[in-house]
Amino acid sequence: MASIGMYGMLALSSDSSQAVSDQTEQQASGSESIGENTGHSTPTNNTGFQMTAGDFRNKFNAAVGKYRLNGLAITRLTMNESSTDQATSTFEYAFNDELRMVGVLDADEQIQEIKLYGTGNVNEPTRGVLLTAIATLILTTHSEYTYNDAQDVIQDIGLLDRDVNQNEFDGMTKRDGFQYGFQVQNDGTSVFDITTVE
């Protein structure tokens, strides 16, 4: 039995140097990257993420800078256009060999869903980089949230409970138009998911 304790989250908020250093970007054919300054779009409704991949990247990096989460900044997002095999466009980013993110876009290029995949040993007690990335994603979806608010969401999911068994974990919470979920798949991959709620 393994546990994710509050210590893991707090320790990383003050010392994130173990997160990620230099990153290389590999691009598959038929994909492109979004880098530094990407234009903002006007949302078509008042619910959901209301941001493009470029908006997301800028807000994510702003949260990384504000809370000094060294090593988590996104350099370039790899964009994958919709195709006959894939109905919607997506973007992805690999933070390191054990942590990657995938976002799903609608026809208007607005974000509909974001998933964070963590591999590695689920029996490690803190999984600190994963928890810090989860907190940063929460801060990105709610620009008015503080780091403490992000921890509250993670607590509501159940990830900060002392007796969490990561091998069987499946938790979820809803807040302010978003559903946040975390589960561990049969192959040991941890998946954090943010979707909009009607």
Side-chain angles (χ1 to χ4, degrees), residues 8-25 32-79 89-96 99-106 108-118 127-157 159 173 175-182 192-197:
M9 180 63 100
L10 295 176
L12 240 98
S13 66
S14 61
D15 180 18
S16 302
S17 58
Q18 63 180 310
V20 186
S21 56
D22 295 332
Q23 311 192 347
T24 58
E25 200 63 40
E32 60 184 87
S33 292
I34 287 186
E36 288 300 322
N37 294 317
T38 305
H40 296 276
S41 65
T42 304
T44 56
N45 57 46
N46 294 323
T47 61
F49 289 89
Q50 296 186 21
M51 64 180 98
T52 64
D55 298 333
F56 169 81
R57 177 194 172 279
N58 293 337
K59 289 182 179 182
F60 186 94
N61 286 344
V64 167
K66 180 176 181 179
Y67 293 98
R68 298 179 182 154
L69 305 173
N70 301 330
L72 275 181
I74 296 172
T75 52
R76 290 191 177 275
L77 293 172
T78 300
M79 303 299 297
S89 299
T90 63
F91 63 87
E92 53 187 289
Y93 186 76
F95 294 98
N96 59 36
L99 186 65
R100 69 182 181 92
M101 175 184 62
V102 175
V104 178
L105 304 172
D106 66 13
D108 295 324
E109 300 298 313
Q110 298 289 309
I111 296 175
Q112 293 301 298
E113 178 180 22
I114 296 175
K115 288 190 176 189
L116 188 67
Y117 296 92
R127 302 291 301 278
V129 176
L130 176 61
L131 284 176
T132 303
I134 288 171
T136 308
L137 286 174
I138 295 167
L139 292 167
T140 302
T141 57
H142 289 287
S143 57
E144 73 279 10
Y145 274 21
T146 65
Y147 203 82
N148 286 339
D149 293 322
Q151 285 188 4
D152 288 344
V153 173
I154 294 170
Q155 180 69 59
D156 286 349
I157 294 170
L159 281 174
T173 189
R175 282 217 185 174
D176 302 320
F178 291 97
Q179 177 174 296
Y180 301 94
F182 184 93
F192 174 71
D193 183 60
I194 305 175
T195 56
T196 55
V197 178

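Treat the numbers as computed from the prediction; the structure is a model and nothing was measured. FYI, side chains are in, hydrogens and waters are out, and symmetry mates aren't considered; it's all heavy atoms of this structure.
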ring-ring contact (aromatic ring centres under 6.0 Å, His included) between F95 and Y93, worked out: CA-CA 6 Å; F95 294 98; Y93 186 76; 5.1 Å; yes

Are side-chain heavy atoms of [X] and [Y] found at a separation under 4.5 Å?
X    : Y    : answer
L130 : F182 : yes
M101 : L77  : yes
L105 : F56  : no
D152 : Y145 : no
T146 : Y67  : yes
I134 : L159 : yes
E109 : S89  : yes

Output all residues satisfying salt bridge (Lys or Arg N to Asp or Glu O under 4.0 Å) with D156, sequence neighbours left out; order by chain, then residue number.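 Applying salt bridge (Lys or Arg N to Asp or Glu O under 4.0 Å) to D156 gives R175.
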
Working to the nearest 0.5 angstrom, can you tell me the gap between [X] [atom1] and [Y] [atom2]?
X    : Y    : atom1 : atom2 : answer
L99  : Y117 : CG    : OH    : 12.0 Å
I111 : M51  : CD1   : CE    : 5.5 Å
L72  : T136 : CG    : OG1   : 5.0 Å
Q155 : N148 : CD    : CG    : 12.0 Å
L116 : L137 : CG    : CG    : 5.5 Å
I194 : K115 : CD1   : NZ    : 12.0 Å

For the pair D106 (side chain) and D108 (backbone), establish whether a donor and an acceptor sit closer than 3.5 Å, ignoring hydrogens and angles. yes

Donor-acceptor pair, N61 side chain versus I74 backbone, under 3.5 Å?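 Pair found, side chain donor or acceptor close to backbone of I74.
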
What class does the angle between the rings of H142 and F178 fall in, given that below 30° is parallel, 30 to 60° is tilted and above 60° is perpendicular? perpendicular

Of the non-hydrogen atoms in [X] and [Y], which two are nearest, and what is the gap between them?
X    : Y    : result
A73  : V64  : N-CG1, 3.9 Å
A150 : A135 : CB-O, 3.9 Å
Q50  : Q110 : C-OE1, 3.4 Å

F192 and I138: CA distance, side-chain angles, deciding distance, side chain to side chain contact (heavy atoms under 4.5 Å, CB included) verdict: CA-CA 11 Å; F192 174 71; I138 295 167; 4.1 Å; yes

